[in-house]
There are 2 protein chains.
Amino acid sequence: MNAQSNNSSNNIASLPTSAPPSSKGSVQSWIYDQIFAAILEQRLAPDTKLAEDTLGEIFGVSRTVIRAVLQRLSHDDVVEIRPNRGAVVASLTVDEVRDVFEARRVIENGAIDLACKRRKKSDVANLKALVESEQEAFEGNDRGAWIRLSGEFHLALAGIAGNKALEDTLRALVSRTSLAISQYETPGQSACSQQDHFAIIDAIDAGDMKSAQQEMTRHLAECEAKLDLDEQEKGTDLRTIFSNIRTGNDKSETL
Amino acid sequence: MNAQSNNSSNNIASLPTSAPPSSKGSVQSWIYDQIFAAILEQRLAPDTKLAEDTLGEIFGVSRTVIRAVLQRLSHDDVVEIRPNRGAVVASLTVDEVRDVFEARRVIENGAIDLACKRRKKSDVANLKALVESEQEAFEGNDRGAWIRLSGEFHLALAGIAGNKALEDTLRALVSRTSLAISQYETPGQSACSQQDHFAIIDAIDAGDMKSAQQEMTRHLAECEAKLDLDEQEKGTDLRTIFSNIRTGNDKSETL
DNA sequence: TCCAGTTATATTGTATCCAAAATCAGTATC
DNA sequence: GATACTGATTTTGGATACAATATAACTGGA
């Protein structure tokens, strides 16, 4: 029905991909980055249990620091902490996925508005370079890098808007989008096309705000459409299955 | 120059205003609410040190749970945790305040768009009741309740939009706004007028989306204008003071 | 008097320990 | 065969103890 969390220990055991503790930055941040990346790059599936002890052994630290990391991850909504029952990789309901895309439409169109007004020459060039890297990763089948770079394009766009608050807000939504993709993507379809990204850049470069917003709206709608949201809904939600049953206490209300 | 954190122990000592541990909800959440409210209602000024030991004694728990609470608060951006140097009540720079208002303009206008499409009869009534409570608190000089209710109006509006992601995002910005007000407000001016709120409600009630958005934009701009952002900027930022000095490495770039 | 360097104190970061809760295994019962 | 109960095991929540770091207090010299 939904993603299974079998052989979970194997999944978790393959976590520390890159360098050891690393010189700069705290160990805690390093562990945070490792787990975050593992989730976004879909090496850890939704609903996978993240046991404190196991993670502590893997990273060579005590549960104390793992607890702190898991708490940070839960703030970013990529991990869910259930009181007394531990942490799991977050899984989104269909409605939550729809909300995330809708919220992104609002925020990213706002960001485009600002970006068109504040863009500098170098911004557009940087943006193009980013999407080219993205394309390389895609063609080289480096799925992890591709997902990451795809998100970074949207964040870079918000960066040009020059509003940290908006950018931070979008960062949370972008990572939730990655989660949604890993949970609902249809096997063949690639979720996010570089052509769309180039089209948005061109419109911004030309200073055509309206057109850029239309492209963005279309792009997000397309990404959402590529997900298998209807199927899952039927399978997961009992209410939907029995939606033909009426019980009298129907509190729907319309203006 | 900016708010002093003298007699800090007195400030902190006056924290636990309401009931003991409370039956429902964990102790941690209760402590979180206490500190959050104290900050939003401006009983704790920006830059006030939040020592783990002190807070632990006040609330009768160990540093472990205080640390968790401070971490949550720092994620909400109302507390800043400086590695190895402890936590303080967050203080916003002038630029951050401007960003927050700009981000709110984007998000709340998006929320109005959705709210106009999805509103139910009861929604408008609830909204009105909320602003009436707000007005009572204002007239009764209950500053704490007034600030809280003022924020709740904006959140209730986002609630009508029916998008949790957008609402959560706005919640973070509303609390940062309260921080900004406590830091930059001009003594006489009340920051947020109930008349504006009623005007927005009326426009939504009439289904006039454009007008509601204009009212919201104007309302936010007015709140921002009531803050003393220019003065502080001069006093705080050395770069601004010496902005007439030119050093050669001027990396400003324009399209 | 002011500043630099040193020592002492206080505070944060992390590990470990104990208690409480949930999960799991096995047994009995229908 | 399925469900409900009981006890053992595992896992989380929280307090304490120790190590690392930052802050302060102090001393000596210019």
Side-chain angles (χ1 to χ4, degrees), chain A residues 4-13 15-16 20-35 44 47-75 79-90, chain B residues 4-13 15-16 20-35 44 47-75 79-90:
Chain A
Q4 286 295 83
S5 59
N6 297 334
N7 51 14
S8 57
S9 59
N10 282 338
N11 286 337
I12 299 181
L15 269 181
S22 155
S23 50
K24 188 180 173 282
S26 67
V27 181
Q28 180 175 311
S29 294
W30 177 71
I31 298 174
Y32 171 87
D33 291 340
Q34 291 298 313
I35 300 180
L44 284 174
D47 290 318
T48 304
K49 180 77 191 290
L50 300 172
E52 297 176 357
D53 240 336
T54 313
L55 288 170
E57 283 170 23
I58 290 171
F59 289 104
V61 294
S62 79
R63 282 174 49 217
T64 309
V65 28
I66 297 294
R67 281 180 71 79
V69 168
L70 289 175
Q71 217 167 357
R72 280 175 65 188
L73 290 166
S74 88
H75 289 144
V79 156
E80 184 190 350
I81 295 181
R82 305 155 305 176
N84 286 316
R85 304 189 50 233
V88 293
V89 177
Chain B
Q4 285 297 83
S5 59
N6 297 334
N7 52 11
S8 57
S9 58
N10 282 339
N11 286 337
I12 298 180
L15 269 182
S22 156
S23 50
K24 188 180 174 282
S26 66
V27 181
Q28 180 176 311
S29 294
W30 176 71
I31 298 173
Y32 171 88
D33 291 340
Q34 292 298 313
I35 299 180
L44 284 174
D47 291 318
T48 304
K49 180 77 191 288
L50 300 172
E52 298 176 356
D53 240 335
T54 313
L55 288 170
E57 283 170 24
I58 291 170
F59 290 104
V61 295
S62 79
R63 283 174 49 216
T64 309
V65 27
I66 297 294
R67 280 180 73 77
V69 168
L70 289 175
Q71 217 177 349
R72 282 173 64 186
L73 290 166
S74 90
H75 184 268
V79 156
E80 184 189 349
I81 293 181
R82 306 156 305 175
N84 286 316
R85 303 187 53 232
V88 293
V89 177

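Source: prediction; values computed, not measured. Just so it is clear: chains get the letters A, B, ... in the order the sequence lines come, proteins before strands, and each one is counted from 1.
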Q) In whole Å, what is the span from the CD1 atom of B:I81 to the P atom of C:dG13? A) 8 Å

Q) Atom CZ of A:R63 and atom C1' of D:dG13: how far apart are they, to the nearest Å? A) 8 Å

Q: Would you kindly give the CD-to-C1' distance between A:E52 and D:dT10, to the nearest whole Å?
A: 12 Å

Q: Report the C-alpha separation of A:Q28 and A:R72 in whole Å, then their side-chain angles, then the decisive distance to 0.1 Å, and conclude whether the side chain to side chain contact (heavy atoms under 4.5 Å, CB included) test is met.
A: CA-CA 10 Å; A:Q28 180 175 311; A:R72 280 175 65 188; 3.6 Å; yes

**Q.** Rounded distance in Å - CZ (B:R67) to P (C:dT11)
**A.** 14 Å

Q | Closest contact, heavy atoms only, B:Y32 versus B:L73 | A | CE1-CD2, 3.6 Å

Q | Minimum-distance nucleotide to A:T64 side chain [options: C:dA15, C:dT14, D:dA15] | A | C:dA15

Q) Taking all non-hydrogen atoms of both residues, which atom of A:I81 and which atom of A:A87 are closest, and how far apart? A) CG1-CB, 4.1 Å

Any N/O pairs under 3.5 Å between the protein and nucleotides 20-24 of chain D? List them or say none.
residue, atom, partner, partner atom, Å
D:dT23, OP1, B:R85, NE, 2.3
D:dT23, OP1, B:R85, NH2, 3.0

Q | Atom-pair distance (CD on B:Q28; C1' on D:dT12), nearest Å | A | 13 Å

Q) Under the side chain to side chain contact (heavy atoms under 4.5 Å, CB included) criterion, do A:V61 and A:I31 qualify, and how do the steps go? A) CA-CA 10 Å; A:V61 294; A:I31 298 174; 3.8 Å; yes

Q) Does B:S62 make a side-chain N or O approach to OP1 or OP2 of D:dA15 shorter than 4.0 Å? A) yes

Q: Take atom CD1 of B:I66 and atom C1' of C:dG13, then tell me their distance rounded to the nearest Å.
A: 16 Å

Q: Measure the distance from NZ on A:K49 to P on D:dT10 and round it to the nearest whole Å.
A: 13 Å

Q.
Which label fits A:F59 and A:W30: parallel for a plane angle under 30°, tilted from 30 to 60°, or perpendicular past 60°?
A. perpendicular

Q. Is there a side-chain contact between B:V88 and B:L50 (heavy atoms, below 4.5 Å)?
A. no

**Q.** Distance-minimising heavy-atom pair for A:E52 and A:L70
**A.** CG-CD1, 4.0 Å

Q) Ignoring hydrogens and geometry, is there a side-chain-to-backbone donor-acceptor pair from A:E80 to A:S74 under 3.5 Å? A) no

Q: Let me know the distance between OH of B:Y32 and C1' of D:dG13, rounded to the nearest Å.
A: 20 Å

Q | Axial bend angle, the helix from C:dT1-D:dA30 to C:dC30-D:dG1: five-pair end segments, nearest 10° | A | 20°

Q. Which of the following nucleotides, D:dG14, C:dA15, D:dT12, is nearest to the side chain of A:V61?
A. C:dA15

Q. Looking at A:K49 and A:R85, what are the two nearest heavy atoms and their distance?
A. CE-O, 3.6 Å

